[in-house]
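Starting from 1, each residue takes its place in the sequence as its number. Keep in mind that the numbers below use all heavy atoms, side chains included, and drop hydrogens, waters and symmetry copies.
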Amino acid sequence: KVGRRRPWTSHVVPNAANTPTEAQQTPDGRFVQDLGNRAIAEITNKSLTPQQREEKYRDLLRNAFDLKTIAHFVVGRAWNRASAQQQQEYLNLFEKLVLKTYGDRLNLYAGERFRVKSVRPETDRDAIVSSEITHPDGSRPAKIDWRVRQKDGRPAVIDVLVEGVSQSITQRDEYSSIIQRDGGKLDSLIDLMRKQLQSPQQ
């Protein structure tokens with residue numbers, strides 16, 4: 001069960017891997033480097049149809065992200081107030097929206113290179129894997145941090161920080177305002193998520 005703050009509670013743990021070579025040799029570093037390499041490979045594969053690319057993205061997300069943990073976190077206590085049917089519909093919509101959001105963003109990249117730069121353990125289960133995406137035009141690299149959690153003996157992403165901004169916390173803040181206006185229920189949020197999926201762009 002995910003508490004309101006627990007996934008992002010941290011303390012300093014020594015023995016961080018602070019060079020790209022060291023970082024890429026750690027289990028969490030290898031995991032994120034492989035994820036980035038595979039994502040960029042799919043982006044640059046011009047032989048894929050849009051539907052095939054979407055299927056590839058879906059497989060990447062399901063295998064690399066702990067979507068259920070993230071989905072629970074962003075709605076907080078409203079999860080426990082929802083019916084089983086609402087919970088299932090919300091989870092389905094959440095997965096589709098994450099796929100749409102990240103898929104739209106990934107499609108903007110072309111010719112970029114992805115590199116893990118450092119790994120910083122934060123708890124006995126969590127680590128922050130810092131990476132950058134470099135651009136062919138030589139502009140400033142994009143900095144992306146991945147919060148990776150060990151779950152059931154394997155790593156999974158539970159948050160992505162783009163230029164220091166947590167995507168999960170940003171989404172939680174957005175969803176919280178909608179849930180509060182609805183008296184702590186998921187109904188209005190589910191309606192909004194349906195509309196977001198029907199719109200051409202997020």
Side-chain angles (χ1 to χ4, degrees), residues 1-10 32 35 39 42-43 50-51 53-109 122-123 125-126 128-129 142-152 154-202:
K1 183 178 177 178
V2 179
R4 185 172 179 80
R5 296 182 59 86
R6 184 178 175 187
W8 288 266
T9 300
S10 65
V32 172
L35 173 60
E42 304 303 349
I43 295 164
Q51 182 177 357
R53 184 171 289 108
E54 182 176 324
E55 290 173 357
K56 295 283 188 180
Y57 288 159
R58 184 182 293 112
D59 289 341
L60 276 176
L61 285 172
R62 283 177 174 164
N63 291 329
F65 283 67
D66 186 349
L67 291 172
K68 191 171 184 179
T69 290
I70 301 170
H72 284 199
F73 175 79
V74 298
V75 295
R77 290 188 293 270
W79 173 263
N80 296 324
R81 301 190 186 105
S83 67
Q85 182 177 351
Q86 286 177 315
Q87 290 175 348
Q88 188 58 53
E89 182 174 9
Y90 163 70
L91 286 175
N92 290 338
L93 290 169
F94 184 83
E95 179 178 318
K96 290 176 182 177
L97 274 174
V98 170
L99 173 67
K100 176 177 169 60
T101 300
Y102 282 96
D104 289 347
R105 290 177 183 173
L106 287 170
N107 280 327
L108 297 176
Y109 293 111
E122 291 217 320
T123 70
R125 292 197 299 163
D126 292 4
I128 297 294
V129 180
K143 296 181 180 180
I144 303 177
D145 292 340
W146 310 75
R147 184 173 290 272
V148 178
R149 169 166 293 178
Q150 294 294 325
K151 185 175 181 180
D152 300 326
R154 61 181 294 270
V157 176
I158 61 168
D159 194 14
V160 179
L161 294 85
V162 179
E163 300 294 343
V165 178
S166 163
Q167 303 303 290
S168 293
I169 291 178
T170 299
Q171 195 167 28
R172 182 191 67 184
D173 293 342
E174 176 189 344
Y175 282 9
S176 292
S177 63
I178 298 167
I179 291 169
Q180 287 172 6
R181 290 198 300 268
D182 199 24
K185 299 177 182 179
L186 288 180
D187 301 85
S188 294
L189 176 60
I190 288 173
D191 286 342
L192 175 63
M193 294 170 79
R194 290 195 198 105
K195 292 175 182 176
Q196 288 175 326
L197 282 170
Q198 291 169 0
S199 67
Q201 293 183 346
Q202 282 279 1

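- By the salt bridge (charged side-chain N to carboxylate O under 4.0 Å, His left out) test, E174 is found to be paired with no residue, residues two or more places apart in sequence or in another chain being considered.
- For D145, the side chain to side chain donor-acceptor pair (under 3.5 Å) partners at least two apart in sequence or on another chain are S130.
- A distance of 7.5 Å separates CZ of F73 from CG of D159, quoted to the nearest 0.5 Å.
- With sequence neighbours excluded, no residue forms a side chain to side chain donor-acceptor pair (under 3.5 Å) with R81.
- Looking only at distances, a side-chain donor or acceptor of E163 sits under 3.5 Å from a matching main-chain atom of K143.
- Within the 4.5 Å cutoff, no side-chain heavy atoms of I179 are placed close to those of W79.
- Listed by chain and number, the residues in a salt bridge (charged side-chain N to carboxylate O under 4.0 Å, His left out) with R154 amount to none (sequence neighbours excluded).
- Residues G184 and A78 share a closest heavy-atom pair of O-CB, 3.6 Å.
- Residues satisfying the side chain to side chain donor-acceptor pair (under 3.5 Å) criterion with Q88, sequence neighbours excluded, are N92.
- Using a distance-only test at 3.5 Å, with no hydrogens or angles considered, no donor-acceptor pair links the side chain of Y90 to the main chain of L189.
- Minimum heavy-atom separation, F94 to L67: CE2-O, 3.8 Å.
- By the side-chain contact (heavy atoms from CB on, under 4.5 Å) test, K151 pairs with D66, T69, sequence neighbours left out.
- Partners of E55 according to the side chain to side chain donor-acceptor pair (under 3.5 Å) rule, which considers only residues two or more places apart in sequence or in another chain, do not exist here.
- Note: L192 CG to L186 CG = 12.0 Å, rounded to the nearest 0.5 Å.
- Scored by the ring pair (Phe, Tyr, Trp, His ring centres under 6.0 Å) test, Y175 finds no partners at all (sequence neighbours excluded).
- The two residues S166 and L161 make their nearest non-hydrogen contact at CA-CG, 3.9 Å.
- The two residues P155 and V148 come nearest to each other via the heavy atoms CB-CG1, 3.6 Å.
- Take D187 and apply the side-chain contact (heavy atoms from CB on, under 4.5 Å) test, not counting sequence neighbours, and it matches Q86, D182, K185.
- Contact of the R147 side chain with the E122 side chain is registered, since non-hydrogen atoms from C-beta on lie closer than 4.5 Å.
- Classification of the F65-W146 ring pair by plane angle, with boundaries at 30° and 60°, yields perpendicular.
- Atoms CZ and OG, from R181 and S176 in turn, are 11.0 Å apart once rounded to the nearest 0.5 Å.
- Rounding to the nearest 0.5 Å places CZ of R77 at 9.5 Å from CG of N80.
- The shortest side-chain heavy-atom distance between V98 and I70 does not fall under the 4.5 Å cut-off.
- Sorted by first and then second residue, the pairs that involve residues 82-95 and meet salt bridge (Lys or Arg N to Asp or Glu O under 4.0 Å), not counting sequence neighbours, are R62-E95, E89-R194.
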